[in-house]
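Single-structure report; data block below.
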Amino acid sequence: MSSRLVGVGVGPGDPELVTVKGVNALRAAEVVVVPVMDTGERGRAEATVLHYVPAEKVVRVVFALNERTDRARREAAWDAAGERVAALLREHGSVAFATIGDPNVYSTFTYLAQTVGELVPGTVVETVPGITAMQDLAARSGAVLTEGTEPLTLVPVTAGAAVLKDALNGPGTVVAYKFGRQAAEVAEALRETGRLDDAVWGSALGLPEESVRAAAELDGGPLPYLSTLIAPARREGGRGGKL
């Protein structure tokens, strides 16, 4: 029988936001892999998974999740992680990989699946969608992501604040991921493009340390790396104005 690797989106942190299908996939797998940094600290994916499966079923695998400058170190970590998961697949046949958010949106799972597919030919790869941080932040803040014909642009600020500014100059709602380390540049981009007043940001959504605040309160101080920003579209013309 073919090995089966399932990427399961477990949402942004609140265990109540894991879908029924996601819970079933975690419980059906023989092993559930959770990514951890080399610091060993428990991540959001692991904390969420432990609400639904016993700890003895969970395997922690180190990934270079925070390595962006040393490519050789990052590649070595990816290779080691891929080998570990490939070994688990050969032994167990069915492995779930838990990832925060959705496995097809800026996810560690994308790279893992490519690596494992080369190491264990014939592996069946599936994904179970998860609720994203932008959806959760919209719900908690009351921000509306899209109306009518508005586009939605998602930008990882790790690509540079200039990319965000270009998006803010365009139409529709702009969502920024991973902007915590560049909070000052993001605040300036919002001011320059006239998008500051309606924007909101949030971090640690669904967790005890959750913060959801107006972007106008950004003071340039450091924020958690996984902070999310929503800058809603400029809306005029009343209800249904964008239809």
Side-chain angles (χ1 to χ4, degrees), residues 7-14 17-19 22 35 43-45 48 65-66 68 98-114 127-207 210-216 218 223-235 242:
V8 180
V10 297
D14 184 346
L17 292 181
V18 183
T19 66
R44 294 187 194 179
T48 303
L65 298 173
N66 58 347
R68 300 193 61 82
T99 177
I100 59 172
D102 183 279
N104 293 305
V105 180
Y106 299 128
S107 170
T108 308
F109 181 73
T110 303
Y111 312 114
L112 177 69
Q114 294 173 357
T127 58
V128 177
I131 292 174
T132 61
M134 63 178 166
Q135 292 169 289
D136 197 10
L137 178 57
R140 294 176 190 276
S141 67
V144 176
L145 287 170
T146 56
E147 290 184 6
T149 58
E150 294 171 353
L152 173 65
T153 304
L154 176 59
V155 177
V157 182
T158 49
V163 177
L164 174 63
K165 188 173 180 180
D166 287 344
L168 290 169
N169 277 318
T173 294
V174 176
V175 175
Y177 274 4
K178 306 176 183 178
F179 82 92
R181 295 174 185 170
Q182 294 171 274
E185 294 94 326
V186 168
E188 182 60 27
L190 288 167
R191 291 189 189 94
E192 290 182 4
T193 56
R195 304 288 291 269
L196 182 64
D197 291 343
D198 296 327
V200 296
W201 70 271
S203 63
L205 302 174
L207 302 176
E210 173 185 295
S211 179
V212 176
R213 304 175 71 175
L218 289 171
L223 301 176
Y225 172 68
L226 290 177
S227 296
T228 298
L229 174 89
I230 297 176
R234 300 178 179 91
R235 295 181 177 122
K242 295 292 185 72

Quiz item: Can you tell me how far the CG atom of Leu137 sits from the CD1 atom of Ile230, to the nearest 0.5 Å?
Solution: 4.0 Å
Self-check item: Whether Ser107 side chain and Phe109 backbone form a donor-acceptor pair below 3.5 Å
Solution: yes
Quiz prompt | Exercise: identify the closest heavy-atom pair between Ala98 and Ala45 | solution = O-CB, 3.8 Å
Quiz prompt | Approximate separation, where rounding is to 0.5 Å, of Arg213 CZ and Leu218 CG | solution = 8.5 Å
Quiz item: Given the rule in the side chain to side chain donor-acceptor pair (under 3.5 Å) test, do Thr108 and Thr99 qualify, once you have shown the distances and angles that lead to the verdict?
Solution: CA-CA 7 Å; Thr108 308; Thr99 177; 5.1 Å; no
Self-check item: Gap between atom CG of Leu205 and atom OG of Ser141 - 0.5 Å precision
Solution: 9.0 Å
Exercise. Ignoring hydrogens and angles, state whether a donor on the side chain of Thr132 or Asp102 is under 3.5 Å from an acceptor on the partner side chain.
Key: no
Quiz item: Pick from Asp198, Val200, Val175: which one makes a side chain to side chain contact (heavy atoms under 4.5 Å, CB included) with Pro232?
Solution: Asp198
Practice problem: With rounding to the nearest 0.5 Å, note down the distance linking CG in Asp197 to CZ in Arg191. | Solution: 10.5 Å
Quiz item: What closest approach, in Å, do Ala189 and Lys165 show between heavy atoms, and which atom pair accounts for it?
Solution: CB-CB, 4.3 Å
Quiz item: At their closest point, which heavy atom of Leu223 faces which heavy atom of Ala183, and how far apart are they?
Solution: CD1-CB, 3.8 Å
Quiz item: Is there side-chain contact between Thr173 and Glu147, with at least one heavy-atom pair below 4.5 Å?
Solution: no
Quiz item: Tyr177 pairs by side chain to side chain contact (heavy atoms under 4.5 Å, CB included) with which of Thr158, Thr228, Val155, Val157?
Solution: Thr228
Quiz item: Could you state the interatomic distance from OH (Tyr225) to NZ (Lys178), rounded to the nearest 0.5 Å?
Solution: 4.5 Å
Exercise. Over all heavy atoms of both residues, which pair between Gly13 and Leu207 is shortest? Give the atoms and the distance, please.
Key: O-CD2, 3.5 Å
Quiz item: How about Leu152 and Met134: do any of their side-chain heavy atoms sit closer than 4.5 Å?
Solution: yes
Quiz item: Can you tell me how far OG of Ser227 sits from CZ of Phe179, rounded to the nearest 0.5 angstrom?
Solution: 5.0 Å
Quiz item: So which heavy atom on Arg44 is nearest to which on Ile100, and how close?
Solution: CB-CG2, 3.6 Å
Quiz item: Which residue pairs pass the salt bridge (charged side-chain N to carboxylate O under 4.0 Å, His left out) test with at least one member in residues 128-141, sequence neighbours excluded?
Solution: Asp14-Arg140, Asp136-Arg140, Arg140-Glu210
Quiz item: Heavy-atom distance under 4.5 Å between the side chains of Val10 and Ile131, does that happen here?
Solution: no
Quiz item: What are the two closest heavy atoms between Thr127 and Pro103, and how far apart are they?
Solution: CB-CG, 3.8 Å
Exercise. Look only at the side chain of Arg195 and the backbone of Leu168, and say whether a donor-acceptor pair between them is shorter than 3.5 Å.
Key: yes
